[in-house]
Amino acid sequence: MTRYTNAFRFCSIFLFLTLIWELSSLFFPDLAFVLPPPSRIIGTLFICKERIFFHAAFTFEAILTSLCIAVLIALPLVWMMARFITVSAFVQVLFIIFQSLPTFCLAPLLVMWFGWGMLSVVLPAALMMLFPIAMSIYRGLQASSKEFSDYFYLLRATRWQLFWKLQVPSSLPYFFSGLRIALTISGIAVIGGEWVGAEFGLGVLMMEARHALDFELTFACLIVLCAMTVCFYLIGIFFEKRSWSMYRKILKLFPRQCIAGCIVSSLCLFPSCESGRKERERLGKTSLMLDWMPNPNHVPLFVGKHQGFFEKEGIILEIHKAPALDPLQPLTTGQVDVSVSYYPRTVYACARGVKCSIIAKLMKEPLDGFMVLEESGIRSPLELGGRTIGFSSCHFASFFLDTMMQSIVSEPFTKRDVHFELITALKTKQVDAIYGAYWNVEPVQMNSMGVRTRFFSVTEFGVPSYPELIFAAKKDTIYASPQYAKRFQKALQKSIDFCVQNPQKAFSIYMEMNPNKSPKTEGWEKDSWKRTVSVLAKDQEFPEEDVMDFLQWSKQKGLILRVPDYKECISQ
Amino acid sequence: MIRVDNLFFSYGKRPLLRDLSFAIEKGEIVALVGPSGIGKTTLLKLLSGLLPPDQGSVHVDGSVSCLFRKEFLLSWRSVVENVLLPLELGERVEDPEGYVQKAHTLLKQFGLSSFLDAKPEDLSEGMKKITALIQTLLLDKDCLLLDEPFSAIDLYLREKFCSFLKEHIQEEKKTLFFVTHDFRDALFLADRLFFLAGGMLHTEWTLTKEIKTSLSKQEEMLNQIRQSHEEVHPLLT
């Protein structure tokens with residue numbers, strides 16, 4: 001009875017709060033932008049159900065896999081800890097160190113080591129879950145009292161009998177309580193991993209949704225994630241209540257040696273094989289990573305792949321979308337062969353001696369710049385002095401911003417790192433202007449929300465012109481060879497030309513190859529594409545003069561310490 | 001038989017047993033009394049071999065089975081499974097079927113027939129103790145070491161069990177050494193009563209037929225025990 005009363009109380013309070021949320025969004029439209037009303041979230045959940053469940057399946061798989069890995073590592077580890085005091089002392093300190101490291105810090109490293117995919121999501125999550133599981137089993141093993149162990153000793157039990165008949169069953173409740181904690185953090189852990197190193201999953205979808213300013217979808221993902229975690233938690237409780245009887249049944253069904261064997265063999269099978277670059281080279285495949293989620297800037301790539309322009313040049317293109325990650329990093333570590341990257345960042349990397357070079361260009365000019373709200377009354381870059389400017393966190397963006405501002409404005413300004421929330425920061429007026437917006441993306445997005453903006457290109461700040469988006473490859477691989485670059489450029493230019501001649505068809509191909517975009521996203525991306533067509537590269541030339549101009553200017557402004565050779569930067 | 005000679009034992013720097021010597025003959029029942037924390041349980045552990053003596057020697061003839069204060073019932077096993085646990089472990093039982101049969105008979109005899117499949121958490125403290133006692137008795141060892149075996153058991157069952165135990169020990173010529181705080185248990189079961197204090201045997205009484213039948217003698221002895229307690233109790237000194 002009490003259970004039902006409690007459930008009733010919970011439901012009524014929950015419904016009441018939801019109602020307040022719903023109503024408040026009617027009165028505060030600005031709030032509704034960042035906190036969409038529940039009705040719209042539920043609506044999105046139904047409209048995009050296929051897309052959400054597609055990604056949720058990946059997250060579900062990642063949670064289960066990481067849980068299995070955590071348990072499989074925890075069992076032998078704890079056994080060793082219980083058996084050898086030295087191992088126990090070492091591992092406990094190691095756990096404290098690992099726990100103090102957030103997954104987000106580890107994930108980029110794991111991406112570098114293990115490549116870009118399921119393993120990079122699952123490993124940090126498993127590491128995060130390992131601690132509560134292992135420590136609770138360990139505590140459970142310790143919990144079987146000394147007197148019980150003495151009793152087993154008096155009954156002349158062997159060490160294995162002590163382990164299987166006393167220590168393991170007495171640690172089961174502890175194991176399940178650890179499992180429940182692990183399951184509740186599993187969602188966070190997996191999402192964290194997905195943000196850094198995955199192509200699919202709720203984390204990726206949430207990021208895509210945020211990028212598209214589709215906050216309804218973001219919340220819908222959160223609801224699904226929440227439901228999933230609660231389900232896991234309930235399943236945990238279900239098994240916890242039946243743990244002993246289940247354990248005994250399992251022991252009756254399988255001999256103990258068999259269980260131990262299973263654990264060991266699954267550990268041996270566990271290391272997964274990431275397909276190497278050599279293998280891709282052999283098969284003529286090119287693994288290409290976008291600079292961000294697929295967006296209208298990437299239309300020529302999808303068109304080229306769809307129309308077979310790349311294939312005609314002997315290039316089988318595998319396109320990967322990138323989460324918030326430096327596009328050069330997976331390139332240098334060999335996880336991808338070609339990256340869509342930013343020109344300034346790439347040539348500066350070359351200047352620092354990073355082994356990469358530019359093989360082709362996607363855009364002909366800079367897209368980067370400053371965006372302000374029209375209502376702010378800021379009409380020219382000169383008026384940015386004394387204002388607060390939001391930028392996306394990155395050491396380089398911060399330096400670039402300083403340099404540009406100093407070159408035209410004498411008045412000091414305030415910098416605010418708004419991470420990837422450029423539009424939100426500007427719309428909610430946390431900043432007066434944002435730096436890092438693309439002329440063909442963010443203003444269009446704002447426009448679709450009915451917000452008028454002004455845009456100042458970086459060239460207005462005296463920055464020499466450069467092609468914003470380029471393709472980079474790692475030096476000393478066939479992908480950076482002039483022969484490959486020529487083939488790639490030929491295919492790319494054909495795709496670009498096709499796009500310029502048939503912009504509408506190109507966009508339909510892009511939409512076809514990126515299904516499940518919400519109508520809201522499709523709307524603004526269509527507008528954005530119209531602008532993008534005019535800035536696509538007209539040719540694949542990199543005039544030495546232009547390249548050196550930009551590098552000299554950068555050196556003069558102190559952005560780089562040395563000017564690299566033309567050939568160091570461009571593979572022609 | 002049990003023989004202890006000049007036994008010394010200490011926990012860290014705290015000496016517990018000092019120059020303790022005694023002997024218990026085969027077929028004899030001896031009760032051990034004494035203030036709390038004086039080393040009674042430690043002595044049982046030394047006799048069972050769970051603790052090694054610092055000095056002196058402990059000699060026990062034949063096999064030993066023990067029941068310590070905290071009964072050894074595994075919470076995930078039912079009553080009958082707990083009682084039969086020794087069969088699954090290293091214990092060598094000549095007639096396993098007879099063992100199971102005997103277990104059921106004893107459980108039935110002491111009112112546990114309807115609790116065979118119950119988990120220890122569903123039992124009262126007294127029932128748990130009886131289960132543990134049956135488990136210990138079934139092992140059929142030469143020497144029984146019991147630590148407060150009858151605490152929490154109701155009067156009826158206690159008397160019934162004591163009679164059964166006495167009969168069993170005398171018939172099978174076993175040795176029983178048990179710790180108790182209840183003078184009546186000692187009086188009913190034991191042939192001798194040891195009072196442990198100051199790390200050695202402070203006093204020893206032989207429970208003659210005369211004492212067992214005369215209330216005044218019993219009262220006199222109880223007074224002596226009270227007095228000994230007062231003299232040596234660690235909380236009072």
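Order of the sequence lines fixes the chain letters, A, B, ..., with proteins taken first and strands second; residue numbering starts at 1 for each chain.
Residues meeting the side chain to side chain donor-acceptor pair (under 3.5 Å) test with B:T131, sequence neighbours left out: none.
Taking every heavy atom of both residues into account, A:F148 and B:L73 meet most closely at CZ-O, 3.6 Å. B:L89 and A:Q161 get closest at one heavy-atom pair: CA-NE2, 3.6 Å.
Here the CG atom belonging to A:D150 is positioned 9.5 Å from the SG atom belonging to B:C66, to the nearest 0.5 angstrom.
Other residues, nucleotides and ligands contribute at most 12 non-hydrogen atoms within 6.0 Å of the CD1 atom of A:I85. Counting non-hydrogen atoms of neighbouring residues, nucleotides and ligands closer than 6.0 angstrom, the CZ atom of A:F14 reaches no more than 12 such neighbours. By the 6.0 Å contact criterion, CD on B:E172 is enclosed, its count of non-hydrogen atoms from other residues, nucleotides or ligands being greater than 12.
Side-chain contact check for B:L50 versus A:L154: some heavy-atom pair is nearer than 4.5 Å. Inter-residue side-chain proximity for A:Y151 and B:L74 is flagged as unmet; no heavy-atom pair is nearer than 4.5 Å.
Heavy atoms of B:S65 lying under 4.5 Å from chain A are absent altogether.
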What pairs of donor and acceptor atoms, side-chain ones from residues 105-115 of chain B against any protein atom, are under 3.5 angstrom apart with sequence neighbours left out?
| from | atom 1 | to | atom 2 | distance (Å) |
| --- | --- | --- | --- | --- |
| B:T105 | OG1 | B:Q101 | O | 2.7 |

